[in-house]
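Every chain is numbered from 1, with letters handed out A, B, ... down the list of sequences. All values reported here derive from a predicted model rather than from experimental measurement.
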There are 2 protein chains.
Amino acid sequence: MSNQERSAPERDDRTGDCRPGLLTAPLDEAHAADLARTFKALGDPVRLRLLSLIASRAGGEVCVCELTPAFTLSQPTISHHLRLLRQAGLIDRERRGTWVYYRAQPPALDRLAAFLTATPHPTTTV
Amino acid sequence: MSNQERSAPERDDRTGDCRPGLLTAPLDEAHAADLARTFKALGDPVRLRLLSLIASRAGGEVCVCELTPAFTLSQPTISHHLRLLRQAGLIDRERRGTWVYYRAQPPALDRLAAFLTATPHPTTTV
DNA sequence: ATCCGACATCGACGAACGTCAATATAGAAG
DNA sequence: CTTCTATATTGACGTTCGTCGATGTCGGAT
């Protein structure tokens with residue numbers, strides 16, 4: 001006795017596979033794991049504030065010596081969060097003398113935004 | 001013991017506060033906490049696949065009875081992930097008879113995409 | 001009424017996470 | 001060389017997360 005005797009709802013579709021869509025196609029496991037790693041990096045208020053501090057900077061780069069005192073957290077903790085953001089490809093760093101400067105990585109942000117950008121079929125069932 | 005004797009780098013800016021920008025302004029603690037909760041909901045491969053399965057559906061809604069068998073996870077686990085997505089405001093549900101249908105919440109996705117959309121100052125320092 | 005199936009909630013467990021103090025590394029200055 | 005400062009790494013701790021099996025709830029059918 002198949003457990004779907006009550007006429008389960010329909011099933012169809014399987015749209016193209018052109019990459020960016022959250023709403024374009026069902027998203028296979030590999031891409032899901034990759035994207036999840038990036039979104040997880042954004043899933044912490046401290047990292048979001050760090051990223052916004054860096055990305056909103058007109059000059060494009062911010063010294064760690066400016067980021068650390070902006071929080072009530074310890075210096076190793078800030079360093080840890082910066083590493084996670086960097087491993088997610090969201091920021092990049094450059095050492096200059098004694099100081100280290102972080103800068104945002106716009107392509108990565110754009111990729112995420114494009115992935116979330118919605119409604120390829122605004123024709124809501126018509 | 002002023003720990004900045006070596007003439008630390010400059011500091012300026014403090015752009016407007018018009019809401020959406022990751023790159024517009026530094027993002028205060030309250031908004032950071034709120035956004036972090038949403039991004040955390042996206043920071044899991046299972047939830048990303050669930051969301052894409054729901055959002056990419058032409059009809060707009062998907063029955064749980066279709067989502068659960070798409071994974072090797074137990075039914076309670078899928079239910080748990082759906083709840084987190086719903087609490088993040090990313091999806092909504094509707095009961096119809098014995099079955100429950102989930103549907104994407106495009107405004108929430110658009111808000112996130114707008115937040116990430118980059119480069120208000122594409123003048124990359126040359 | 002009773003029974004069955006779809007979905008949600010509960011409790012428990014190991015794994016991953018955020019945080020810290022302590023320590024290490026790298027570069028500048030004396 | 002040594003010393004000092006800026007940043008990173010390590011190791012440990014409590015908390016949160018993802019998962020499961022067991023159980024609860026709701027609705028339809030009999």
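Under the 3.5 Å distance criterion, with hydrogens and angles disregarded, a donor-acceptor pair is assigned to the side chains of A:Asp28 and A:His31.
Toward the 5′ end of DNA chain C lies the nearest nucleotide of A:Gln75, the other residue of the pair A:Gln75 and A:Arg95 mapping further downstream.
Computed from coordinates, the A:Trp99 CH2 to D:dC4 C1' distance equals 13 Å when rounded to whole Å. Atom P of nucleotide C:dC7 and atom CD1 of B:Ile91 are separated by 13 Å, given to the nearest angstrom. In this structure, A:Arg93 atom CZ and C:dT25 atom P are separated by 15 Å, rounded to whole Å. Atoms CG (A:Leu85) and P (D:dA8) sit 12 Å apart, rounded to a whole Å. One can place CD of B:Gln87 at 14 Å from C1' of D:dC17, the figure rounded to the nearest angstrom. Rounded to whole Å, the distance from CG on B:Leu82 to C1' on D:dG18 is 14 Å. Look at CG on A:Leu67: it is 9 Å from P on D:dT7, rounded to the nearest Å. For the pair A:Glu66 CD and D:dA6 C1', the computed distance is 14 Å after rounding to whole Å.
A donor-acceptor pair under 3.5 Å is formed between the side chain of A:Thr117 and the backbone N or O of A:Ala113. Looking only at distances, a side-chain donor or acceptor of A:Arg47 sits under 3.5 Å from a matching main-chain atom of A:Ala41. In this structure, B:Thr68 contributes its side chain and B:Val64 its backbone to a donor-acceptor pair below 3.5 Å.
By the rule that hydrophobic residues join a cluster once side-chain heavy atoms approach within less than 4.5 Å of another member, B:Leu42 and B:Leu84 end up as members of separate clusters.
Put simply, B:Tyr102 has a side-chain N or O that comes within less than 4.0 Å of OP1 or OP2 on C:dA8. Contact check, A:Ser74 against C:dC20: a side-chain N or O comes under 4.0 Å of OP1 or OP2. Taking side-chain N and O atoms only, A:Thr98 has no distance below 4.0 Å to OP1 or OP2 of D:dA6.
A tilted orientation is assigned to the rings of B:Phe115 and B:Phe39, their planes being inclined by 30° to 60°.
Looking at A:Ile54 and A:Tyr102, their side chains come closer than 4.5 Å, going by heavy atoms from C-beta outward.
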Nucleotide-resolved protein contact map, nucleotides 10-18 of chain C, B/S/- at heavy-atom distance under 4.0 Å: -------SS

